[in-house]
Amino acid sequence: MKFKFAYAVLSLAVSNAAFAGQAEDQQVKFRQSAYSFAAWNSAKIKAQVVEHPETYNKEQVLAAANAIAAVANSGLGALYGAGTDQATGWKKSRLKAEFFDKPDEAKKVAQAFNKEANELVKVATTGDLAAIKTQFGKVGETCKSCHDSFRAKD
């Protein structure tokens, strides 16, 4: 576990250095792409675990859980540079300016997403449909928490 944490910290530091010079619009494009990929994989889990459990396929759900965890562990914080609340990626950023005023809250929300996404992978390996559904809900709660706090409404 300590190794994973050290690796995550190192990855974040490298990511921050790599993206620090990126134009705001490029940061938003990368960020939007990552979240779109996570949403696509979430939809796969939702379809098989929540909406149509009779179609459940352990390998597909596990692959989708791994993809979501990869996004959560990718160092996305590096893509929230100053000014990205006003930037345009594939579409205008919906990041609220308050994000920059509440870094501790933003960090807490990001860490929750990371924790619950990693736990989803562990639970998905068991094949226990009820447990996967519960953990998937916890991941969704972290997404909602961030959206409620830091994402402007459409």
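Owing to the predicted nature of the structure, the values given are computational and were not obtained by experimental measurement.
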Engineer: Minimum heavy-atom separation for A69 to N118, with atom names?
Structural biologist: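 Shortest heavy-atom contact: CB-OD1, 3.7 Å.
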Engineer: Can any side-chain N or O of Q27 pair as donor or acceptor with the backbone N or O of G81 at less than 3.5 Å?
Structural biologist: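 Side chain of Q27 to backbone of G81: a pair is present.
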Engineer: Nearest 0.5 angstrom please: L79 CG to L95 CG, how far?
Structural biologist: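 These two atoms lie 11.5 Å from each other.
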Engineer: Decide yes or no for F136 and I45: does some side-chain heavy atom of the first lie under 4.5 Å from some side-chain heavy atom of the second?
Structural biologist: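 In short, these two side chains touch, coming nearer than 4.5 Å.
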Engineer: Measure the spacing between OG of S149 and CD of E98 and express it to the nearest 0.5 Å.
Structural biologist: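 It comes to 10.0 Å.
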Engineer: Nearest 0.5 Å, what's the SG-CG distance between C143 and D148?
Structural biologist: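 Those atoms lie 11.0 Å apart.
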Engineer: Between the side chain of N66 and the main-chain N/O of L62, is any donor-acceptor distance below 3.5 Å?
Structural biologist: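 Side chain of N66 to backbone of L62: a pair is present.
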Engineer: Counting C-beta onward and ignoring hydrogens, is there a side-chain heavy-atom pair between K115 and Q111 closer than 4.5 Å?
Structural biologist: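 No, side chains not in contact.
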Engineer: Kindly indicate whether the side chain of V28, heavy atoms from C-beta on, has any atom under 4.5 Å from the side chain of T88.
Structural biologist: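 Side chain of V28 against side chain of T88, heavy atoms only: no contact under 4.5 Å found.
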Engineer: I'd like to know if the side chain of T126 and the backbone of K122 have a donor-acceptor N/O pair within less than 3.5 Å.
Structural biologist: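 It does not hold such a pair.
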Engineer: Closest approach of A152 and K96, non-hydrogen atoms and distance?
Structural biologist: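 Shortest heavy-atom separation between A152 and K96 comes out as N-CG, 3.7 Å.
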Engineer: Between S145 and T142 (side chain of the first, backbone of the second, donor and acceptor by atom type, cut-off under 3.5 Å), is there such a pair?
Structural biologist: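 Between the backbone of T142 and the side chain of S145 there is no qualifying donor-acceptor contact (under 3.5 Å).
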Engineer: Under a 3.5 Å distance rule, please check whether E116 uses its side chain to pair with a backbone N or O of Q135 as donor and acceptor.
Structural biologist: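 Checked: no pair found.
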Engineer: Quick check for you: to the nearest 0.5 Å, what is the distance between N114 atom CG and N73 atom CG?
Structural biologist: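 Spacing of CG (N114) from CG (N73) equals 4.5 Å.
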Engineer: For the NZ atom on K133, are there more than 12 heavy atoms of other groups (residues, nucleotides or ligands in this structure) within a distance under 6.0 Å?
Structural biologist: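 For K133, atom NZ is not crowded (no more than 12 foreign heavy atoms under 6.0 Å).
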Engineer: If you count heavy atoms of other groups shown closer than 6.0 angstrom to NZ of K92, is the number above 12?
Structural biologist: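 Yes.
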Engineer: If you draw a 6.0 Å radius around NZ in K46, do more than 12 non-hydrogen atoms from other residues or ligands fall strictly inside?
Structural biologist: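 Count not over threshold, so no.
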Engineer: Out of curiosity, does V121 fall in the hydrophobic cluster containing W40 (side-chain heavy atoms, cut-off under 4.5 Å, transitive links)?
Structural biologist: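 The answer is no; the residues belong to distinct hydrophobic clusters.
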Engineer: Shared ILVMFWY cluster between V50 and I132, side chains joined below 4.5 angstrom?
Structural biologist: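 Yes, V50 and I132 fall within the same hydrophobic cluster.
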Engineer: Any side-chain heavy atom of D85 sitting closer than 4.5 Å to one from F99?
Structural biologist: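 They are not in contact (no side-chain heavy atoms under 4.5 Å apart), so the answer is no.
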Engineer: What distance do F150 atom CZ and E105 atom CD have between them, rounded to the nearest 0.5 Å?
Structural biologist: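 Here the rounded value is 4.0 Å.
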Engineer: Hey, could you give me the CZ/OG distance between R31 and S93, rounded to the nearest 0.5 Å?
Structural biologist: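 Separation between the atoms: 4.5 Å.
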Engineer: Determine all donor-acceptor pairs shorter than 3.5 Å in which one atom belongs to a side chain in residues 53-60; sequence neighbours excluded.
Structural biologist:
residue, atom, partner, partner atom, Å
E54, OE2, H52, ND1, 3.4
T55, OG1, H52, O, 2.7
N57, OD1, E59, N, 3.1
N57, OD1, Q60, N, 2.9
K58, NZ, T125, O, 2.8
Q60, OE1, Q48, NE2, 2.6

Engineer: Determine yes or no for a side-chain-to-main-chain donor-acceptor pair under 3.5 angstrom, with D25 supplying the side chain and A87 the backbone.
Structural biologist: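 Not a single qualifying donor-acceptor pair exists.
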